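Input: a single structure, listed below in structure tokens.
What you see is a predicted model; the values in this text were computed from it and never measured.
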Amino acid sequence: MDSLKLDKLRFWHRWQEAITPTRRLLLVGVLLLLLAVVVVTRQTSVLLAPVNPAAGEPVVVNIPPQASTVKIGQMLYEQGLIRNTTFFYIYTKYRKVDYRLQAGEYTLSPQMSLPQIVDKLVRGEVRTYSFTIPEGYTIKQIADLLAQKGFVDREKFLAATKDSYDFDFLDGVSPGENQLEGFLFPSTYQITRGTSEREIVRMMLKRFDQVATPELRAQARERNLSVREWVTLASLIEKEAKVSEERPIIAGVLYNRLRLGMPLQVDATILYALGEHRERVLYRDLEVDSSYNTYRHTGLPPGPIASPGEDSLKAALNPTNHNYLYYVSRNDGTHEFTTSLAEHNVARQRYGYYP
């Protein structure tokens, strides 16, 4: 036997003599512990990873208020978003966020890892919905639109418009069914599922408050208009004007008539009094018994007839200076403006309003 083999044999015998049963048991324990660490690390990595990183449709999960961490974990597991409910509970405990998971409607995906899902729940990144209120809509039209989209109960929304709200532009507005007409600002809004009718109304009032700046309100005061009168005038312009360039011109017509004490004779106020939409106002409609009938009553109607947009609000404060007293639709969205009744009647015949 050569010297090298002899040295290896001696080393082996000495190592065996050095490893007592106790040391051998300890070594086995260390190896098992290392193996357990490897297994746990790998398993943890699997549990933290997305359930389906390659595919999977988004899932909408509605977490109810005061849901426990265990309940949330069960919901996520049932939707195929996490692999293990117990590990979800342990993970949120470890991160000390188990009591910070927020209720709401979430859009989640099997492609998201567990940390990504938990982070989203902690931040409360709930699903949002958008809706747009067109310019010139009445409160009832707004209620119908939101109810059709499933965002509100129509009657609850209308009831919410009769509540009181702490905005100074509403000072002096008499409470009642139409108290907020004109003040629910037409714009695009983002809400979450479960946003109450009152919260939506308040959101729209807040937007009006932002658009109706102190500078614009000061201009209204300079014209001896209250905020309600300003919005009323703007609502008439909104309903009458079809193209933006004509808004200040129509405003000028209304100012000229108010100055002369002439009835405004705005067809849109007749339709508001009737509570319905028509392409044309009929002669018999002009007899409707209403304070909104601007054919029978001079001055502004008692309140707005729709929600005016920003352009109409500004046009109401910046009318074009001219001598026009009449206008008639050309049936293409524009109007022909005239200074006398004779000219107006000729224009009406031209566009088919008289036989």
Side-chain angles (χ1 to χ4, degrees), residues 132-138 140-142 145 181-182 186-187 223 229-288 290 292-301 303-355:
T132 299
I133 302 301
E135 297 173 344
Y137 262 36
T138 65
K140 290 181 179 178
Q141 287 176 311
I142 294 172
L145 184 150
E181 190 75 89
S187 185
R223 292 186 172 275
E229 291 170 333
W230 166 36
V231 177
T232 299
L233 183 58
S235 73
L236 302 184
I237 297 168
E238 187 65 60
K239 297 298 289 186
E240 293 290 280
K242 303 303 179 186
V243 295
S244 186
E245 311 87 73
E246 289 189 352
R247 296 179 197 275
I249 304 174
I250 291 176
V253 173
L254 298 179
Y255 271 104
N256 288 343
R257 282 179 163 260
L258 288 170
R259 185 176 65 254
L260 295 173
M262 296 176 63
L264 294 180
Q265 296 183 328
V266 174
D267 287 356
T269 64
I270 301 298
L271 297 175
Y272 187 79
L274 293 171
E276 59 182 275
H277 174 74
R278 294 181 187 173
E279 291 301 319
R280 288 192 178 184
V281 172
L282 305 177
Y283 282 115
R284 65 173 179 269
D285 297 332
L286 304 183
E287 301 303 316
V288 61
S290 170
Y292 285 89
N293 186 340
T294 56
Y295 278 80
R296 301 181 69 177
H297 302 280
T298 58
L300 290 170
I305 61 171
S307 292
E310 186 172 3
D311 288 346
S312 292
L313 287 169
K314 290 181 176 179
L317 301 177
N318 298 280
T320 302
N321 187 17
H322 55 62
N323 295 320
Y324 297 135
L325 292 173
Y326 304 89
Y327 55 87
V328 62
S329 172
R330 295 191 180 101
N331 299 313
D332 63 358
T334 65
H335 295 84
E336 181 170 327
F337 297 87
T338 52
T339 58
S340 70
L341 180 59
E343 293 174 329
H344 178 60
N345 287 337
V346 170
R348 285 180 62 86
Q349 289 180 329
R350 183 181 300 120
Y351 299 110
Y353 291 92
Y354 274 7

N331, CG atom: more than 12 neighbouring heavy atoms under 6.0 Å
yes
I need the T298 OG1 to Q265 CD distance, nearest 0.5 Å.
11.5 Å
Indicate whether any N or O donor in one side chain lies under 3.5 Å from an N or O acceptor in the other, for Y327 and E246.
no
Is it the case that over 12 heavy atoms from other parts of the model lie below 6.0 angstrom from the CG atom of N323?
no
Thinking salt bridges, do E238 and R247 make one under a 4.0 Å N-O criterion?
yes
Pairwise distance CG(L145) to CD1(I133) - rounded to 0.5 angstrom:
5.0 Å
Describe, in one word, how the ring planes of H322 and F337 are oriented to each other, choosing from parallel (under 30°), tilted (30 to 60°) and perpendicular (over 60°).
tilted
Between the CG atom in L341 and the CZ atom in R348, the distance rounded to the nearest 0.5 Å is 9.5 Å
Apply side-chain contact (heavy atoms from CB on, under 4.5 Å) to R350 and E336, showing your working.
CA-CA 10 Å; R350 183 181 300 120; E336 181 170 327; 2.8 Å; yes
What's the spacing between I270 CD1 and S290 OG if we round to 0.5 Å?
7.5 Å
Contact check, side chains of L271 and I305, non-hydrogen atoms, under 4.5 Å
no
Do the side-chain N and O atoms of R259 and N256 include a donor-acceptor pair separated by under 3.5 angstrom?
yes
Tell me whether R257 forms a cation-pi arrangement with Y326, defined as NZ or CZ under 6.0 Å from the six-membered ring centre and within 45 degrees of its axis.
yes
